[in-house]
**Student:** 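What follows is a structure written as structure tokens; I'll ask about it next.
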Amino acid sequence: MNELFSDELKKLKWHFMEMGINVSEQIYQSTKAFIDHDRQLAQSVIDNDQKTNDEETNLEMQALNLIALKQPVAEDFRSIISILKASSDLERVGDHAVNIARETIRVSGSQRVPAIEGSIADMTASVRSMLEKVLDAYVHSDEDIARQVAKSDLEVDKQYILIRDNITAAMRQNADTVTASSSYLMVSRLLERVGDHIVNLAEWIVYNSTGELTELNPGKSDPEMLHTLLNNEESDKWQ
């Protein structure tokens, strides 16, 4: 029975990793479509969203069956619960990727602002790096890496605020960019939310290791930190 449970738990972990890799690709494809103005690629992301939903449903069924039928000990129970909760965050990341793809279609034909699109590409790279590192932390049950990933969300928050400010400036300079700018704001906000979900994944890794629910989002634990850092950076420019 123990060997059977161990095999089923390994399958559950592997399926979770597969879902994480697929979601990371969704984010890449959706933002690539947005920046490249590729409606066909965007539609492909939208059409494939059901796969992520099915993966979450299957993970939930596997996890609940393991809990109900195998009666895991405390450590294994935490592992199952962390996957169950983390899969929900991955599904939400997939939803955000779909919404970014929808923005690609909505904004098609509008006047664009290349500089802002470049900043969104940089923000995407930051978010995908976070996701890849947190999945690596999951594979190796590395609490330290998970905590480091959570801290790096502060950089994503900074990128979001700077993009938001640049969007406001662009609209003031050229009213023809209003449609695209509203889409830039939506996409950058979605990427910021993806960062928050990745922090949640890091929290579930810590929970799996320690049995404790820990708030790791720097913006939630210290809301003034981000504004202080931004103000300091702005002051440094004039020194």
Side-chain angles (χ1 to χ4, degrees), residues 8-34 42 44-67 77-102 123-143 145-153 156-157 187-209 213-217 219-220:
E8 291 299 314
L9 184 56
K10 285 179 181 177
K11 289 180 184 178
L12 181 66
K13 291 179 178 179
W14 173 246
H15 290 156
F16 176 78
M17 276 300 300
E18 280 189 317
M19 183 179 180
I21 292 169
N22 291 337
V23 166
S24 179
E25 183 65 16
Q26 271 188 293
I27 287 292
Y28 170 72
Q29 296 289 348
S30 64
T31 49
K32 177 177 171 56
F34 183 79
S44 175
V45 172
I46 295 169
D47 292 342
N48 290 329
D49 181 51
Q50 187 59 44
K51 180 180 179 181
T52 302
N53 295 337
D54 290 343
E55 285 176 328
E56 185 198 14
T57 300
N58 290 336
L59 274 172
E60 287 179 348
M61 292 178 62
Q62 282 182 275
L64 293 175
N65 283 337
L66 274 176
I67 293 172
F77 181 78
R78 286 205 309 269
S79 183
I80 296 170
I81 289 297
S82 64
I83 291 174
L84 189 61
K85 301 295 288 186
S87 65
S88 178
D89 279 296
L90 284 179
E91 192 274 334
R92 291 296 296 138
V93 172
D95 286 344
H96 293 329
V98 170
N99 288 331
I100 291 171
R102 286 178 176 147
M123 189 177 181
T124 301
S126 297
V127 166
R128 289 196 73 220
S129 176
M130 285 178 64
L131 183 52
E132 289 168 3
K133 288 176 181 176
V134 86
L135 290 174
D136 185 64
Y138 168 77
V139 168
H140 297 99
S141 300
D142 195 321
E143 178 188 347
I145 291 179
R147 290 179 181 274
Q148 290 170 16
V149 169
K151 288 181 181 178
S152 67
D153 185 52
V156 172
D157 291 342
V187 169
S188 59
R189 177 58 177 163
L190 288 169
L191 288 171
E192 190 272 335
R193 290 295 298 128
V194 169
D196 289 342
H197 284 293
I198 295 170
V199 172
N200 290 348
L201 295 176
E203 290 174 353
W204 289 116
I205 292 170
V206 172
Y207 167 75
N208 188 33
S209 297
L213 294 173
T214 307
E215 177 60 70
L216 296 180
N217 193 311
K220 290 181 180 178

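All figures in this text were calculated on a predicted structure; none of them were measured in a lab. We count residues from 1, following the sequence as given.
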**Student:** State the OH-CG distance between Y207 and L213, to the nearest 0.5 angstrom.
**Tutor:** 6.5 Å
**Student:** Test E91 against V23 for side chain to side chain contact (heavy atoms under 4.5 Å, CB included), laying out the working first.
**Tutor:** CA-CA 8 Å; E91 192 274 334; V23 166; over 6 Å; no
**Student:** Looking only at side-chain N and O atoms, does Q26 offer a donor or acceptor that is under 3.5 Å from a partner on N48?
**Tutor:** no
**Student:** Who passes side chain to side chain contact (heavy atoms under 4.5 Å, CB included) against Q62, sequence neighbours left out?
**Tutor:** K11, L12, H15, L59
**Student:** Less than 4.0 Å between a side-chain N and a carboxylate O, is that true for D136 and K133?
**Tutor:** no
**Student:** Can you confirm whether I145 sits close enough to V149 that some side-chain heavy atom of one is under 4.5 Å from a side-chain heavy atom of the other?
**Tutor:** yes
**Student:** CG of L66 to CD of E8: how many Å apart, nearest 0.5 Å?
**Tutor:** 6.0 Å
**Student:** Find the distance between CD (E60) and CG (N65) and round it off to the nearest 0.5 Å.
**Tutor:** 11.5 Å
**Student:** Quick one: CD on E56 to CZ on F16, what's the gap to the nearest 0.5 Å?
**Tutor:** 11.0 Å
**Student:** Might you work through the side chain to side chain contact (heavy atoms under 4.5 Å, CB included) test for I83 and W204, ending with a clear yes or no?
**Tutor:** CA-CA 8 Å; I83 291 174; W204 289 116; over 6 Å; no
**Student:** What's the separation between atom CG in L131 and atom CG in L201, rounded to the nearest 0.5 Å?
**Tutor:** 7.0 Å
**Student:** First locate atom CG of D196, then atom NE2 of H96, and finally report the distance between them rounded to the nearest 0.5 Å.
**Tutor:** 8.5 Å
**Student:** Just checking, is any N or O donor in the side chain of D54 or Q50 under 3.5 Å from an acceptor N or O on the other one?
**Tutor:** yes
**Student:** Of V127, L191, T124, which is the lone residue that meets side-chain contact (heavy atoms from CB on, under 4.5 Å) with V156?
**Tutor:** V127
**Student:** Carefully, step by step, assess D95 and R92 under the rule salt bridge (charged side-chain N to carboxylate O under 4.0 Å, His left out).
**Tutor:** CA-CA 5 Å; D95 286 344; R92 291 296 296 138; 2.9 Å; yes
